[in-house]
Student: 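I'd like to ask you about the structure that follows.
All of these numbers come straight from a predicted model, not from anything done at the bench.
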Amino acid sequence: MATSTTTSRLTGPSADSAGTGHSATVHAYDVGLLLIRLALGLTMAAHGAQKLFGWFGGGGITGTGQFFTMSGYPSGETMAVVAGLSELLGGLGIAAGLLTPLAGAAVVGTLVNALAVKWGGGFFAPQGVEYELLLAAAGAGIALTGPGRYAVDRFLPVLRAHRLAYGTVAVAVGLVLSVPFLFLRK
């Protein structure tokens, strides 16, 4: 009996029309990365919109600023703007696959501070850190692996071929930039 090799791709009828030199083969991991990017990116963008605009039941800059102040950060409204922009722009970047390593780094940096705020509440939600830890790990994972084929980065010459080094440097930058905000917290 002959064995067949199962591949995780579907072959399309034509060559790549974008001129990137790739066939129309659809790889399962590219579709999976797209799904993860959309879920993570749009979730983070919605959180940013809550902070910045008060959308989706959020507190806006004033309400979120009060939360940051109660959490021990100085200049709560400034922190709300920084966190909101990091979440909104980082989330939209991840969803679109645009500047993916930097978008992932923005999400990781913001979530490091969210983890610090919730750290004493145990692991499981609603007081624990499981949600924030999962989002941070997903952001770092996307930064490290790259966005897959279905991303705007595929049209940017420098990021077309994702390199592990890009993601590693970006995640390190996100972590390093999150540290001063941790030290600002009382």
Student: Out of curiosity, L33 CG to T145 OG1, how far, rounded to the nearest 0.5 Å?
Tutor: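 L33 atom CG to T145 atom OG1 measures 5.0 Å (nearest 0.5 Å).
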Student: Kindly list each side-chain donor-acceptor pair under 3.5 angstrom involving residues 123-131, sequence neighbours excluded, with atom names and distances?
Tutor:
| unit_1 | atom_1 | unit_2 | atom_2 | d |
| --- | --- | --- | --- | --- |
| E130 | OE2 | A125 | N | 2.8 |
| Y131 | OH | H47 | NE2 | 3.1 |

Student: Scan for salt bridge (Lys or Arg N to Asp or Glu O under 4.0 Å) pairs involving residues 55-66, sequence neighbours excluded, and state none if there are none.
Tutor: none
Student: If the condition is ring pair (Phe, Tyr, Trp, His ring centres under 6.0 Å), which residues does F53 pass it with, not counting sequence neighbours?
Tutor: W55
Student: Please evaluate residues Q50 and T64 with respect to the criterion side chain to side chain contact (heavy atoms under 4.5 Å, CB included), reporting the C-alpha separation (whole Å), side-chain torsions for both, the decisive distance (0.1 Å), and the verdict.
Tutor: CA-CA 8 Å; Q50 285 181 310; T64 305; over 6 Å; no
Student: Would you sort out whether L38 and L34 count as a side chain to side chain contact (heavy atoms under 4.5 Å, CB included), showing the intermediate values?
Tutor: CA-CA 6 Å; L38 289 172; L34 176 62; 4.0 Å; yes
Student: Compile the donor-acceptor pairs under 3.5 Å between side chains in residues 81-94 and protein atoms, sequence neighbours left out, one pair per line.
Tutor:
| unit_1 | atom_1 | unit_2 | atom_2 | d |
| --- | --- | --- | --- | --- |
| S86 | OG | V82 | O | 2.9 |
| E87 | OE1 | G48 | N | 3.2 |
| E87 | OE1 | K51 | NZ | 3.0 |
| E87 | OE2 | K51 | NZ | 3.3 |

Student: Check the pair Q66, T62 against side chain to side chain contact (heavy atoms under 4.5 Å, CB included), reporting the backbone distance first and the verdict last.
Tutor: CA-CA 6 Å; Q66 291 170 354; T62 302; 4.0 Å; yes
Student: Does anything in residues 65-80 form a salt bridge (Lys or Arg N to Asp or Glu O under 4.0 Å)? List the pairs, not counting sequence neighbours.
Tutor: none
Student: May I ask whether L115 and V107 are part of the same hydrophobic cluster, defined by side-chain heavy atoms of I, L, V, M, F, W, Y residues being less than 4.5 angstrom apart, directly or through others?
Tutor: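 No; V107 is not reachable from L115 via cluster members.
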Student: According to ring-ring contact (aromatic ring centres under 6.0 Å, His included), does anything in residues 87-112 pair up with another residue at least two apart or in another chain? List the pairs.
Tutor: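 Found none.
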Student: Once you round to the nearest 0.5 Å, how far does NE2 of H27 lie from CZ of R149?
Tutor: 4.0 Å
Student: Can you list everything that forms a side-chain hydrogen bond (donor to acceptor under 3.5 Å, both in side chains) with T100? Sequence neighbours excluded, please.
Tutor: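 side-chain hydrogen bond (donor to acceptor under 3.5 Å, both in side chains) check on T100 returns D153.
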Student: Considering non-hydrogen atoms only, spot the tightest contact between A46 and F56 and give its length.
Tutor: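 Nearest heavy atoms, A46 then F56: O-CD1, 3.9 Å.
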Student: Over all heavy atoms of both residues, which pair between A143 and G104 is shortest? Give the atoms and the distance, please.
Tutor: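 In this case the closest contact between A143 and G104 is CB-CA, 4.2 Å.
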Student: Taking salt bridge (Lys or Arg N to Asp or Glu O under 4.0 Å) as the cut-off, I'd like each qualifying pair that reaches into residues 135-145, sequence neighbours left out, listed once.
Tutor: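 Qualifying pairs, neighbours excluded: none.
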Student: Would L40 end up clustered with L102 when hydrophobic side chains under 4.5 Å apart are linked, directly or stepwise?
Tutor: no
Student: Are the side chains of L156 and L99 in touch, meaning some heavy atoms are under 4.5 Å apart?
Tutor: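 Answer yes - side chains close enough.
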Student: Would you name the heavy atoms of A95 and L42 that are closest together and state the gap between them?
Tutor: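 Looking at all heavy atoms of both residues, the closest pair is CB-CD2, 4.1 Å.
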Student: With sequence neighbours left out, what residues match T69 under side chain to side chain contact (heavy atoms under 4.5 Å, CB included)?
Tutor: none
Student: Can you pull out every salt bridge (Lys or Arg N to Asp or Glu O under 4.0 Å) where at least one residue sits in residues 105-128? Sequence neighbours excluded, please.
Tutor: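 Sorted pair list: K118-E132.
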Student: Who are the ring pair (Phe, Tyr, Trp, His ring centres under 6.0 Å) partners of Y73, not counting sequence neighbours?
Tutor: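 If we apply the ring pair (Phe, Tyr, Trp, His ring centres under 6.0 Å) test to Y73, skipping adjacent residues, the hits are F68.
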Student: Quick check: does any side chain N or O of R37 sit under 3.5 Å from a backbone N or O of P147, one acting as donor and the other as acceptor?
Tutor: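 Yes, R37 side chain to P147 backbone: donor-acceptor pair under 3.5 Å.
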Student: Pair up each side-chain donor or acceptor in residues 169-186 with any protein partner under 3.5 Å, not counting sequence neighbours, and list the distances.
Tutor:
| unit_1 | atom_1 | unit_2 | atom_2 | d |
| --- | --- | --- | --- | --- |
| S178 | OG | L175 | O | 2.7 |
| R185 | NE | S71 | O | 2.8 |
| R185 | NH1 | A116 | O | 3.4 |

